[in-house]
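The structure under discussion appears below in the form of structure tokens.
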Number of protein chains: 2
Amino acid sequence: MVKVLDDNADDGPDHIGWRLWQASRLWQEDFVAAMGAAGHGWMTDARATLLGHIGRNGTPQSRLIARMGISKQAVQQLVDGLEGEGILCRVPAPNDKRARIIAHTPKGRAALRDADRIKLEIEERYRRALGEEQLSALKAALAWLSRETGGKNPARRG
Amino acid sequence: MVKVLDDNADDGPDHIGWRLWQASRLWQEDFVAAMGAAGHGWMTDARATLLGHIGRNGTPQSRLIARMGISKQAVQQLVDGLEGEGILCRVPAPNDKRARIIAHTPKGRAALRDADRIKLEIEERYRRALGEEQLSALKAALAWLSRETGGKNPARRG
DNA sequence: AAGGGTAGTCAAGTTTCTTGACTAATAGGT
DNA sequence: ACCTATTAGTCAAGAAACTTGACTACCCTT
């Protein structure tokens, strides 16, 4: 009879995928919490990700779709929600009557400033703990993973 | 009139949180795809995360809840699903008539073997690309982030 | 002007995770 | 033994973040 011993009783799994998931989740929790504390209670993980892809002068919705690796309908629904919150607005594109530019409202720009500040604060916290060298290595490694494994993500299908 | 120039037209945002999210997502995509190819088409991101927390000899549901940082109902539903797929089963705990041990079925153990292999394959791919040194640095940095920022996660409420 | 690809919308459904309300068993103090 | 608080788990309902499928409107090429 085998002794009933839980072989990962201590601290959970240990493969790199789990660590990535965990770290990502914790970063987002931190970020959303800090944004909430700064008065932007509407912020969520998914919205933060979307907003990160929108430039200061706006970004065509089609480009958001191409970049984010999720379906165009998902992007649309996220934008719908943020439009409803008064953070984003859709303006017609000058060249193409089909296209819309997703841009920040004044309220959105205020949130953007706070978000940028908070991102830097979190990164600074990481830097203090890991040290400049290890943080740089982390960023470099993640950059490779995003580029190499993610480069082939062909905007999905329709 | 400002020139309409999208300031992140090239490759998206660049803060560490986004990189973590991206890397995590790509790992999971790889893993789920490889598991699907190995005949385990029922595998999803969330299920992979849950299964990673279950020891070879089973793990009490309450411990899963404490570890995973999600609500007990979420764990329950995930387990329900995997029980329905024939991957997991709930056996009564010997000491405590309330408790249930979540354990693998034979089918679940087969999946576990494939999962372990695939995790190693993905990690090996990362190792070839990043080199041993950079991969170690990545793992060390992620370990810190999980431990330090995540240690205070008090099993939520509920 | 015709046909094919692109930009976006509408509708409906799935997965994953949430809060709230509940039952049953255990643990501790009196 | 008895009451109470805590712990383990379930049931029900719902929100968030996605998905596929079907559609319209526009652009570009031939």
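Values below: every heavy atom of this structure, side chains too, minus hydrogens, waters and symmetry copies. Below, chains carry the letters A, B, ... as their sequence lines are ordered, and counting in each starts from 1. Remember, it's a predicted structure, so these values are computed and weren't measured experimentally.
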Note to self: What's A:Ala74 touching, base or sugar-phosphate or nothing? Going by heavy atoms closer than 4.0 Å.
What the structure shows: base
Note to self: Nearest whole Å is fine: how far is D:dA25 C1' from A:Arg100 CZ?
What the structure shows: 11 Å
Note to self: Rounding to an integer number of Å, can you tell me how far A:Leu64 CG sits from D:dA17 P?
What the structure shows: 16 Å
Notebook entry, point to check: Just how far, in rounded Å, is P of D:dA15 from CG of A:Leu78?
Noted result: 17 Å
Note to self: Are more than 12 heavy atoms, taken from residues, nucleotides or ligands other than A:Lys97, located less than 6.0 Å from that residue's NZ atom?
What the structure shows: no
Margin query: Does a side-chain N or O of A:Ser62 approach OP1 or OP2 of C:dG8 to a distance below 4.0 Å, or not?
Written below: yes
Next item on the list: Quick one: name the residues clustered hydrophobically with A:Leu120, using the 4.5 Å side-chain heavy-atom rule over I, L, V, M, F, W, Y, and just say none if it's on its own.
Entry: none
Notebook entry, point to check: OP1 or OP2 of D:dT10 less than 4.0 angstrom from a side-chain nitrogen or oxygen of B:Gln76, does that happen here?
Noted result: yes
Checklist line | Of the listed nucleotides D:dC18, D:dT20, D:dT10, the one nearest the side chain of A:Gln77 | finding: D:dC18
Note to self: At less than 4.0 Å, is any side-chain N or O atom of A:Ser71 found next to OP1 or OP2 of D:dC18? Yes or no.
What the structure shows: no
Margin query: Can you list, in residue-number order, the parts of residues 34-42 of chain B that come under 4.0 Å of DNA chain C, counting heavy atoms only?
Written below: none
Next item on the list: Compare all side-chain heavy atoms of A:Leu88 with those of A:Leu50 and state whether any distance is below 4.5 angstrom.
Entry: yes
Notebook entry, point to check: Any side-chain heavy atom of B:Lys119 sitting closer than 4.5 Å to one from B:Trp27?
Noted result: yes
Checklist line | Separation between CG of A:Leu138 and CG of B:Leu142, rounded to the nearest 0.5 Å | finding: 6.0 Å
Next item on the list: Kindly point out which of D:dG9, C:dT16, C:dA11 is positioned nearest to the side chain of A:Gln73?
Entry: C:dA11
Notebook entry, point to check: When every nucleotide of nucleotides 24-29 of chain C is labelled 5' to 3' by its protein contacts under 4.0 Å (heavy atoms), B for base, S for sugar-phosphate only, - for none, what sequence of letters results?
Noted result: BBS---
Note to self: For a 4.5 angstrom cut-off between non-hydrogen side-chain atoms, does A:Thr59 reach A:His53?
What the structure shows: no
Checklist line | Spacing between B:Glu85 atom CD and C:dT15 atom P, to the nearest angstrom | finding: 10 Å
Sequence neighbours excluded and cut-off under 3.5 Å, please list the side-chain donor-acceptor pairs for residues 38-47 of chain A, or say none.
{"unit_1": "A:His40", "atom_1": "NE2", "unit_2": "A:Asp114", "atom_2": "OD2", "d": "2.7"}
{"unit_1": "A:Thr44", "atom_1": "OG1", "unit_2": "A:Arg47", "atom_2": "N", "d": "3.3"}
{"unit_1": "A:Arg47", "atom_1": "NH1", "unit_2": "A:Trp42", "atom_2": "O", "d": "2.8"}

Next item on the list: Find the distance B:Leu51:CG to C:dT16:P and express it as a whole number of Å.
Entry: 11 Å
Item checked: Spacing between A:Asp80 atom CG and D:dA17 atom P, to the nearest angstrom -> 13 Å
Note to self: Going by the rule salt bridge (charged side-chain N to carboxylate O under 4.0 Å, His left out), which residues pair with A:Glu132 if we only count those two or more places apart in sequence or in a different chain?
What the structure shows: A:Arg127
Note to self: Between B:Ile101 and B:Arg90, is there a side-chain heavy-atom distance shorter than 4.5 Å?
What the structure shows: no
Checklist line | Phosphate OP1/OP2 of D:dT10 contacted by B:Arg90 side-chain N/O (<4.0 Å) | finding: yes
Check: Atom CD of B:Gln61 and atom C1' of D:dC11: how far apart are they, to the nearest Å?
Finding: 13 Å
Next item on the list: Rounded to the nearest angstrom, tell me the gap between atom CD1 in B:Ile101 and atom C1' in D:dG9.
Entry: 13 Å
Notebook entry, point to check: Quick one: side chain to side chain donor-acceptor pair (under 3.5 Å) partners of B:Gln28, sequence neighbours excluded?
Noted result: none
